[in-house]
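Chain letters run A, B, ... following the sequence lines, proteins first, then strands; residues in each count from 1.
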Amino acid sequence: MSVLVFAEMQDGGFKKAAKEAVTYGRKTADMLGVECHALVLGGELPAEASQLGLYGAAKVFGVSHENLTDFDSKLYAHGLAEVARKTGAQVVVLPFTVRGKALGGRVAAALGAASASGVNSLPDLTEGFKVRRPVFSGKAVATVELKGELKVLSLMGNSIPPDDQLGSECPVETLELAIEAPGIRLLKRQKQEGSIPLPEAERVVSGGRGLKGPENWHLIEDLAKALDAATACSRPVADNGWRPHHEHVGQTGLAIRPNLYVAIGISGAIQHLAGVNNSKTIVVINKDPEAPFFKAADYGVVGDLFEVVPRLTEAVKRFKNK
Amino acid sequence: MKILVCISRVPDTEARVAFTAEGSAFDESGVTFIMNPYDEWYALVRALELKESLGGSVTVVHVGTAASDPIIRKALAIGADDAVRIDAEASSADFTARQLAAFAKSENYDLILCGKETIDYNGAEVPGMLAELLGLPFVSHAEKLEMEGQKFVLTRPVTGGTEVVEVEGPLVVSAAKGMAEQRIPNMRGIMMAKRKPLKVVPPVEVEEKVQFVHFELPPAKKEVKLIDPENMDELVRLLHEEAKVI
């Protein structure tokens, strides 16, 4: 019996999502009184695989195969399911990232397991096996009971801080699996240079129609740079083509939960709030004191954003230079 | 090309979220239900565009009770050729995916499209489950879907960028923003939809593995703390010392 964590590789290494998932897996394993194992799948295994031990893995399984170089949900799901079966895992944990979302349901179906995705709490084992997860785009929280021997949990980002004090470097055991031929061929990869990926950002600065046009976006970008934050926008801004669609946060865009969300010139329609209201701290800057967003904010500034935002950027820079 | 589009029924994005006594279920009273926007705006419209340029048919499938018929008729009004309703409450992702797979497995679709997630349960699990149950390739959160010869070419997100991938069908795709633009059904479409076939089929037996046992609203926010717009150093101090986020 064990907990098996899919330690997702990004750019040849492990990012926060993988470390959070291993931390979560270890804490769940401790509750169940079993070992936590991590699984790394890829074309090549990174040297830092053994470092997953710091986050609580007792052992890392590695499967490297040229067919795993590019991501194919079928091959990855089958690899993960096979290792889960071989090692007697009772709980499989994945990060709820872009790839994790492509895998979670698929792995659950391959294993015939009960699954829950977007989980944001450790399991409650007092009666059955229950986890909590946001529903209705963050407007509510559900408690879900998972039945049967096998469970698959996809962990919402920023739900549990990665903890590198849960263990020490651990052994890496290479497994040989028969990997089928990939059905998906990568033609090209486009990187967004220089920006912080929105789903993983700890801090986000977001602009709405109040900015009046794309030519004013330097205000958002300057503040984001000072705060080491990603940039985002409301739906009308993306629909008007002021900003790319992948920056649209809200109910029909991306749902995010950073530690800090700064909303500038966004009124706070219910659909926008649904995508951001799980952020830890929300700052709203708007000239309209009646803007509904103030009701969801921790800190509010009623004022002209064209004056307030540069002032805030300077204040952040002063603070950073101290 | 033979295309299947899976559609869900969800509360309107404006709907007030409330629960029945003791949080046992979603309170549907006074709530308007709509077709899940990702299914309607992106999956269904892209399917219709492909049919218009390449020929073929678009079938919509839905797991739900007769209460869903209005959204199914809307899908037909937008342009789907026919519809199938699997007559059961879609109680979990696993249940829903198994119903869809049982229906789709004997029909030999070239392409199965779903929205990337529903806006009520946000699980994003059904498309991957369906792909696995049918043994098909799956491209998730696709922002573009084109045909080049016999192959599908898709753009999908990766952390910090996008990838363009090529896949031979049949396959399952979950659709995200960017794939198509919303279409409003016209009067002719609405009239025609009334005569298009809507077949109701019984569900297959599925063992329930997942149960939603309780719902609650998130804790209410404290009153907003208003900061003097002249004094942004104070805001920075609070973000550092009180909120501890910088």
Quiz prompt | Criterion side chain to side chain contact (heavy atoms under 4.5 Å, CB included) on B:Lys177 and A:Asp239, from CA distance to verdict | solution = CA-CA 11 Å; B:Lys177 187 162 189 164; A:Asp239 284 352; 3.4 Å; yes
Quiz prompt | Worked check of side chain to side chain contact (heavy atoms under 4.5 Å, CB included) between A:Arg132 and B:His214 | solution = CA-CA 9 Å; A:Arg132 287 159 61 84; B:His214 184 71; 5.6 Å; no
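Closest of all the heavy-atom pairs between B:Pro229 and A:Val302 is CG-O, 3.4 Å. A pairwise comparison of heavy atoms in B:Val167 and A:Gly183 identifies CG1-O, 3.4 Å as the closest pair. A:Arg311 and B:Glu230 make their closest contact through NH1-CA, 3.6 Å (heavy atoms, listed as atom of the first residue, atom of the second, distance). Minimum interatomic distance between B:Val224 and A:Gly300 (heavy atoms only, all atoms of both residues): CG2-N, 3.5 Å.
To the nearest 0.5 angstrom, A:Glu149 atom CD is 13.0 Å from B:Lys209 atom NZ. Going from atom CZ of B:Arg156 over to atom CZ of A:Phe71 covers 6.5 Å, rounded to the nearest 0.5 Å. B:Leu239 CG to A:Asn259 CG: the interatomic distance, rounded to the nearest 0.5 Å, is 11.5 Å. A distance of 11.5 Å separates CD in B:Glu125 from NZ in A:Lys101, rounded to the nearest 0.5 Å. With values rounded to the nearest 0.5 angstrom, B:Lys225 atom NZ is found 9.5 Å from A:Asp298 atom CG. Atom CZ of residue B:Phe215 and atom NZ of residue A:Lys139 lie 14.0 Å apart, to the nearest 0.5 angstrom.
A:Gln271 places a side-chain heavy atom less than 4.5 Å from the side chain of B:Glu14. Residues B:Met232 and A:Arg318 form no side-chain contact, since every pair of their non-hydrogen atoms from C-beta on lies 4.5 Å or further apart. The shortest distance between side-chain heavy atoms of A:Arg185 and B:Glu168 does not fall below 4.5 Å. Within the 4.5 Å cutoff, no side-chain heavy atoms of A:Val98 are placed close to those of B:Ser140. Side-chain contact between B:Val236 and A:Lys317 is absent, with no heavy atoms from C-beta onward closer than 4.5 Å.
In the displayed structure, A:Glu180 atom CD is contacted under 6.0 Å by more than 12 heavy atoms of other residues, nucleotides or ligands. Within 6.0 Å of atom NZ in A:Lys320, more than 12 heavy atoms from other residues, nucleotides or ligands are found, so the atom counts as buried in its surroundings. Around atom CD of B:Glu241, more than 12 heavy atoms belonging to other residues, nucleotides or ligands sit under 6.0 Å away. Residue A:Lys15 qualifies as enclosed at atom NZ: its count of foreign heavy atoms under 6.0 Å is above 12. By the neighbour-count criterion of 12 heavy atoms within 6.0 Å, atom CD of B:Glu89 is sparsely surrounded, having that number or fewer from other residues, nucleotides or ligands. For A:Lys16, the NZ atom counts as densely surrounded, since its 6.0 Å shell holds more than 12 non-hydrogen atoms of other residues, nucleotides or ligands.
Heavy-atom pairs under 4.5 Å with chain A peak, among B:Val10, B:Asn122, B:Leu226, B:Asp228, at B:Asn122. Ranked by heavy-atom pairs under 4.5 Å with chain A, the first of B:Gly135, B:Ala18, B:Pro37 is B:Gly135. Counting heavy-atom pairs closer than 4.5 Å to chain A, the top-ranked of the candidates B:Val165, B:Leu154, B:Val153 is B:Val165. Between chain B and the residues A:Ala110, A:Gly118, A:Gly303, the most heavy-atom pairs under 4.5 angstrom are made by A:Ala110. Taking A:Gly148, A:Gly128, A:Gly112 one by one and counting their heavy-atom pairs under 4.5 Å with chain B, the maximum is reached by A:Gly112. When each of A:Ala274, A:Ala17, A:Ser115 is checked for heavy-atom pairs under 4.5 Å with chain B, A:Ser115 comes out on top. Top candidate by heavy-atom pairs under 4.5 Å with chain A, chosen from B:Thr118, B:Val139, B:Ile246, is B:Ile246. Per-residue counts of heavy-atom pairs under 4.5 Å with chain B were compared for A:Ser154, A:Ala140, A:Gly104; the largest is that of A:Ala140. In terms of heavy-atom pairs under 4.5 angstrom with chain B, the leader among A:Glu307, A:Glu145, A:Lys151 is A:Glu145. Per-residue heavy-atom pair counts under 4.5 Å with chain B were compared for A:Leu312, A:Thr281, A:Leu260, A:Asp11, and the maximum is reached by A:Leu312.
Side-chain atoms of A:Ser73 come within 3.5 Å of backbone N or O of B:Phe138 as a donor-acceptor pair. Of the possible polar contacts, none joining the A:Lys147 side chain to the B:Glu208 backbone as a donor-acceptor pair under 3.5 Å is found. For the pair A:Thr143 (side chain) and B:Val213 (backbone), a donor-acceptor distance under 3.5 Å is absent. Put simply, the side chain of B:Tyr38 gets close to the backbone of A:Thr252: a donor and an acceptor are under 3.5 Å apart.
Heavy atoms of B:Lys116 lying under 4.5 Å from chain A belong exclusively to its side chain. For B:Pro127, no part sits under 4.5 Å from any heavy atom of chain A, backbone or side chain. The contact between B:Val210 and chain A is made by backbone and side chain atoms together, counting heavy-atom distances below 4.5 Å.
Note: B:Phe26 and A:Phe136 have parallel aromatic rings, judged against thresholds of 30 and 60 degrees for the angle between ring planes.
Inspection of the A:Gln251 and B:Thr13 side chains reveals no N or O donor paired with an N or O acceptor under 3.5 Å.
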